Amino acid sequence: MTSLSADDSYLDHYGFSHDPFAARVPGFKFFPAQRKPVLGQLHHLARYSQLLLVVTGPEGSGKTLLRQALVASSNKQAVMSVVITPQGTADSSAVMQQIGQALNIQHADFDGVMAQIVQLALTGQEVYLLVDDAEQLTGAAVETLLRLAAGSAEARPHVFLFGEDSLVSRLEALVEGEERFHVIALQPYEEDETREYLAQRLEGAGAGLETLSEEQIARIHEQSGGWPGAINLVAREELIEAIKHSKTRKTVKGWPFPLPMKHLLAVLAVLCIIAVAFLLRGGEDEPEVQMNTPLALGNASRSAPESAASPVMPPESPSKIEFETPAAAEPANTDSALTTAVEPANDVSKENSATTAHQDGAAPSPAVTQKEAPAPVVQPAPEPVVPETPAPKTPEVVRPAAQPAPAASAHSAWYAEQGGNRYLVQILGTRTEKNAQTLVAQRGSDYRYFVKEHEGKPLYVVTFGNFANRAAALAAIKTLPAALQSGKPWARSFASVQKEMRK
């Protein structure tokens, strides 16, 4: 996790008026549907129950927000709310002092506080004592609050403790089996509630939910566990990482110099290999050039049969041509190479015959004529060229890349037919459809893939399974092979997949 602060560049990049995922945003209140029954239950128990009420949840679970909602929704004329926020460890005297200040009494001891509560009850006012971060209370402070919650025959305050789960075990040790408190455990947000929470946070900063992709939203919910405090941290990290990736892409497109030293050395090595290859190739072509130059009679007579026999070599060329068929211009280059190998042989043979006739002063002898006899062997040379003409067209006819289209459309129909409230596991995304097809073919019928648009290009997303709920999908992730688990697969709803496919 990065510690990059919400500086001007972060805010300017997204056009935020403020950091939407700061720990405290003035005026922000998000109350999902599942928390409303909890709030109603607290009001009901405060009215009809004689028990101390405890709300538990991990750090960042929304306990403070629930406490604020409880105060805000109370009748101000009938209820006096006293909020206690321990600054570090708080003992009994510190708690009583804060209560005494709020109730405007001079002697902040147990009897003085209870006497004031009775006086307020006679005027029709109740007292709510609400303690944030109650896990920081000492045992004596917790015991004092239990006594206050029990009250007296004339009146009693309604005590609410908001703290972490460890607070419950301490209370159980103090009451020794008596029923003196009631616990309400908060639950994490569902994925839809996480989405609503993110949308409200972003809208408050002048943006919208479209700032985050579907993959980012699902990843935020997964990594945060659905707890609002963790959602803020993970969402902010996602936005900052997106800025870094954006800058990286711009840098790669610009290809600025200098390159890292190891990359420069690799480029130089490749260039050296190419240069050596050209030099070696040039050396191999040199004898053919010399064959076209005037030669001495003895050398010419020896070269003639060798040149005449050279047309026997082209049958090896088809294998080379097959290997290089993807190059569209290769057949033309091969034809010229064959012609070059044949024509010098004819020229040298004729030159040798003419030279012999000139020195002897007579017509060419039958022996010289027989030396020219192998010339007809030159005629079969074009035969290897015949299969070269259709060779480059073969890949265009087969076109293996076009074959997966039926499978993709079949899978798309399958995704569209599933219920939006069901879940699957997203394995990976790839830019190459063949990679997705290979993985699906290797892993079996429970694996499928769909196509969506990502950054203006198609992305082929491989998924696994079809589950009734998110919990089942999460459990299935643990059963995947280690190679797939290393890619950090995550659970998502069919509704989100169908939405991406429509786009």
Side-chain angles (χ1 to χ4, degrees), residues 1-2 4 6 10-11 13-42 55-73 132-133 162 164-165 184-243 420-421 423 426 469-471 473-474 490-500:
M1 301 290 285
T2 182
L4 180 64
Y10 165 63
L11 300 179
H13 183 86
Y14 293 104
F16 293 150
S17 60
H18 61 268
D19 184 0
F21 300 111
R24 292 285 185 270
V25 176
F28 174 79
K29 288 182 176 61
F30 176 77
F31 218 67
Q34 62 156 278
R35 296 292 169 90
K36 292 178 181 178
V38 176
L39 181 61
Q41 187 178 8
L42 288 173
V55 178
T56 64
E59 183 179 0
S61 59
K63 299 185 296 294
T64 298
L65 183 62
L66 181 61
R67 189 264 300 162
Q68 292 172 346
L70 179 60
V71 172
S73 58
D132 262 343
D133 301 324
F162 297 83
E164 298 181 5
D165 295 340
I184 300 175
L186 297 182
Q187 300 299 316
Y189 294 169
E190 296 290 338
E191 185 171 354
D192 291 342
E193 292 172 329
T194 298
R195 184 186 300 274
E196 294 174 10
Y197 177 84
L198 291 169
Q200 190 166 326
R201 280 271 184 173
L202 290 166
E203 289 168 3
L209 189 60
E210 64 276 4
T211 306
L212 296 166
S213 67
E214 289 296 325
E215 289 87 350
Q216 287 176 311
I217 294 172
R219 194 159 50 241
I220 290 168
H221 179 74
E222 178 70 22
Q223 295 180 7
S224 67
W227 297 111
I231 290 173
N232 291 339
L233 295 175
V234 179
R236 193 166 180 278
E237 178 64 19
E238 284 286 343
L239 293 177
I240 292 172
E241 287 298 320
I243 295 176
N421 59 345
Y423 280 77
Q426 178 163 321
N469 51 54
R470 182 170 174 272
L474 291 174
W490 48 281
R492 61 181 303 189
S493 65
F494 274 92
S496 65
V497 171
Q498 293 161 358
K499 183 177 179 181
E500 288 184 349

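This chain uses plain numbering: 1 for the first residue, then up along the sequence. Predicted model, so just to flag it, every value in this text is computed and none were measured.
Contact between Pro20 and Ala205 at its shortest, heavy atoms only, is CB-CB, 3.7 Å. Closest heavy-atom contact between Gly226 and Thr194: CA-OG1, 4.3 Å. Taking both residues in full, the closest heavy atoms of Gly62 and Pro228 are given as N-CG, 3.9 Å, listed atom of the first, atom of the second, then distance. The two residues Leu474 and Ala491 come nearest to each other via the heavy atoms CD2-CB, 3.9 Å. Residues Arg201 and Ala22 approach most closely at NH1-O, 3.1 Å, considering heavy atoms. The shortest non-hydrogen separation linking Gly225 to Pro188 is O-CB, 3.2 Å.
For the pairing with Tyr197, the ring-ring contact (aromatic ring centres under 6.0 Å, His included) check across Trp227, Phe31, Phe28 returns one residue only, Phe28.
In this structure, CG on Leu209 lies 6.5 Å from CG on Leu202, to the nearest 0.5 angstrom. The line from CD1 of Ile184 to CG of Leu66 is 8.0 Å long, rounded to the nearest 0.5 Å. The distance from the CZ atom of Arg35 to the OG atom of Ser61 is 6.5 Å, given to the nearest 0.5 Å. Atoms CD and OG1, on Gln68 and Thr64 in that order, are 6.5 Å from each other to the nearest 0.5 Å. With rounding to the nearest 0.5 angstrom, the CG atom of Asn469 is 9.5 Å from the CD atom of Glu190. Distance check: Ile231 CD1 to Arg195 CZ gives 12.0 Å after rounding to the nearest 0.5 Å.
More than 12 heavy atoms of other shown residues, nucleotides or ligands fall within 6.0 angstrom of atom CD in Gln498.
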Subject >> Stepwise side-chain contact (heavy atoms from CB on, under 4.5 Å) check, Glu237 with Phe21 >> reply: CA-CA 10 Å; Glu237 178 64 19; Phe21 300 111; over 6 Å; no

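With Lys63 contributing its side chain and Val55 its backbone, the two residues share no donor-acceptor pair below 3.5 Å. Put simply, the side chain of Thr56 never gets that close to the backbone of Glu164: no donor and acceptor are under 3.5 Å apart.
Under the 30°/60° scheme for interplanar angles, the aromatic rings of Tyr14 and Tyr10 are found to stand perpendicular.
Taking 4.5 Å as the limit, some side-chain heavy atom of Glu222 sits within range of a side-chain heavy atom of Arg470. Side-chain contact between Ile217 and Glu238 is absent, with no heavy-atom pair separated by less than 4.5 Å. When side chains are defined from C-beta on, Val25 does not count as touching Asp19, because their heavy atoms never get closer than 4.5 Å.
Judged by distance alone, the side chains of Glu193 and Gln34 do bring a donor and an acceptor atom under 3.5 Å apart.
Using a 4.0 Å cut-off between a side-chain N of Lys or Arg and a carboxylate O of Asp or Glu, Arg492 and Glu500 qualify as a salt bridge.
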